[in-house]
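Each remark here refers to the structure printed beneath this line.
In what follows, chains carry the letters A, B, and so on, assigned in the order in which the sequence lines appear, proteins first and then strands, with residues in each chain numbered from 1.
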There are 2 protein chains.
Amino acid sequence: MSGPAAKTWQAIESEVRRRIHTRVWAPGDMIPNEQDLADEFGCARATVNRALRSLSDAGLLERRRKAGTRVALHPVRKATLSIPIIRKEIAARGQKPGYRRLLRRSGVPPRDLLERLGGDTDGIFLHVQALHTADGAPFVFEDRWINLDVVPEAAEQPFDEISANEWLVRTAAFTDGEIAFSASAASDEAADHLQCDPGAAIFTIERITRDGTRPITLVWQYYRPGFRMQTTI
Amino acid sequence: MSGPAAKTWQAIESEVRRRIHTRVWAPGDMIPNEQDLADEFGCARATVNRALRSLSDAGLLERRRKAGTRVALHPVRKATLSIPIIRKEIAARGQKPGYRRLLRRSGVPPRDLLERLGGDTDGIFLHVQALHTADGAPFVFEDRWINLDVVPEAAEQPFDEISANEWLVRTAAFTDGEIAFSASAASDEAADHLQCDPGAAIFTIERITRDGTRPITLVWQYYRPGFRMQTTI
DNA sequence: GAGTGGTCTAGACCACTAA
DNA sequence: TAGTGGTCTAGACCACTCC
């Protein structure tokens, strides 16, 4: 029984999900190979492949050539977070985004920051601090260093209207990057800007983007207390 | 010249990335349709489709039928976080994972928790608290409620050896879920278990998993101070 | 209505890897 | 070495949506 009605890859994916969920195929079990499933479902092998690849990307299946496909024993939950432009993030909440540049100064970054960037970075950086507001209330305090060796045009940008983030997106396409999420205690400076108590628990995003091996920018974003970054799994 | 050497979809993806990065195709620009690209690259349209779909998934391209494909104006950075079993997360750091169940008691969850779960949930839950350690030091304090209506077998599980997480993964496949990341101040209880000061900034994951509309479990995981969840973009 | 991406097919060859 | 997934092809039809 239980034939998948249509022959679309989505229908097949859904049927395979059902079999996993109802334990027809239990965690750790091998499932039939692509050709057999194609025969059973009455479709081309490529269609089965498309469905199984999707489930493999989702972490529900583990596939290896020759070894075959098995139901993942410990499905790795993958959470995909969208990191939008902050202005849009605020607008998506139905609030009015605001932006204020707080600091803009060129200079040499502290040593520990350079170490974090790695690579050959001994030039001049632009240090920019800014505050994003939602309906007038502080939302994110942003502390950023921009590598003027890689993005010399930044030296002529005031960043008093357009946030450095948006400007960089349009100007300097990056190839690689790292992002880290953590909780940090609000510094006196951050507490001042976010209008909270020093030491308050602050959700923090640290991001490095690179062009090849050359760092473009390093930024810390401190979200107002209580902020939650949410997604479905 | 810029001919893509091979005809694999990865080579084509790489070539398109290059054109975007070098601004041959600038943000907002339309790019040629699939057939034209296939002709240029000397491959089948399906191969171009595979490459462009991958870039679309990554957020670099925006595709719409009839309208065509354009370079994303504000590429939404998508960070994919792997949420492994904590035991494996610790082992992956080269540390020795440990587990200790702290509490196990059945009862009715507080009202605010029920509201967060939503839906028709008025049954008995199992409340489990546990501590994961890395090389003997506290790593994660976990506070969990399990819906015994959906997973009655949990009532017979001591959870003193296997963590509730691992047991649930094997026992109750979930269909939907929500996950939220935030920073919270350590409660007295959490501070005690994590051996830190009350009020310390704690990286927190809150997760709800469901079977259809029925909530299976709601869990808060409080990571030791200083924890960073990292990925590449 | 027409142009674009989305998908399916049937077949083929290739790449990896367990046995 | 043999079996499995990974990919490519050439063609076809479909679904969506802009004009």
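Using a 4.0 Å cut-off between a side-chain N of Lys or Arg and a carboxylate O of Asp or Glu, B:Arg116 and B:Glu206 qualify as a salt bridge. Under a 4.0 Å N-O distance rule, the pair A:Arg63/A:Glu34 qualifies as a salt bridge. A:Glu178 and A:Arg207 are not joined by a salt bridge, as no carboxylate oxygen comes within less than 4.0 angstrom of a charged side-chain nitrogen. Between A:Arg19 and A:Glu40, at least one side-chain nitrogen of the basic residue sits less than 4.0 Å from a carboxylate oxygen of the acidic one, meeting the salt-bridge criterion.
Residue B:Arg23 qualifies as enclosed at atom CZ: its count of foreign heavy atoms under 6.0 Å is above 12.
Here B:Arg64 reaches the OP1 or OP2 of D:dC18: one of its side-chain N or O atoms lies under 4.0 Å away.
Using a 4.0 Å heavy-atom distance criterion, A:Gln10 is classed as a sugar-phosphate-only contact. At a threshold of 4.0 angstrom between heavy atoms, the contacts of B:Arg50 are confined to the sugar-phosphate backbone, with no base atom among them.
Between the P atom of D:dT4 and the CG atom of A:Leu37 lies a distance of 12 Å, rounded to the nearest Å. Atom CE of A:Met30 and atom C1' of D:dG3 are 11 Å apart (whole Å). As rounded to whole Å, 17 Å separates atom P of D:dA2 from atom CG of A:Asn33.
Toward the 5' end of DNA chain C, the nearer of the two residues A:Lys66 and A:Cys43, judged by each one's closest nucleotide, is A:Cys43. The residue among A:Arg53 and A:Gly68 whose nearest nucleotide of DNA chain D lies closer to the 5′ end is A:Gly68. Residues B:Ala67 and A:Arg45 both approach DNA chain C. Their nearest nucleotides, taken by heavy-atom distance, put B:Ala67 toward the 5′ side.
The outermost nucleotides of DNA chain C lying under 4.0 Å from heavy atoms of chain A, listed 5' to 3', are C:dT7 to C:dA18.
Screening A:Asn165, A:Ile86, A:Ile85 for a side-chain contact (heavy atoms from CB on, under 4.5 Å) involving A:His132 leaves a single residue, A:Ile86.
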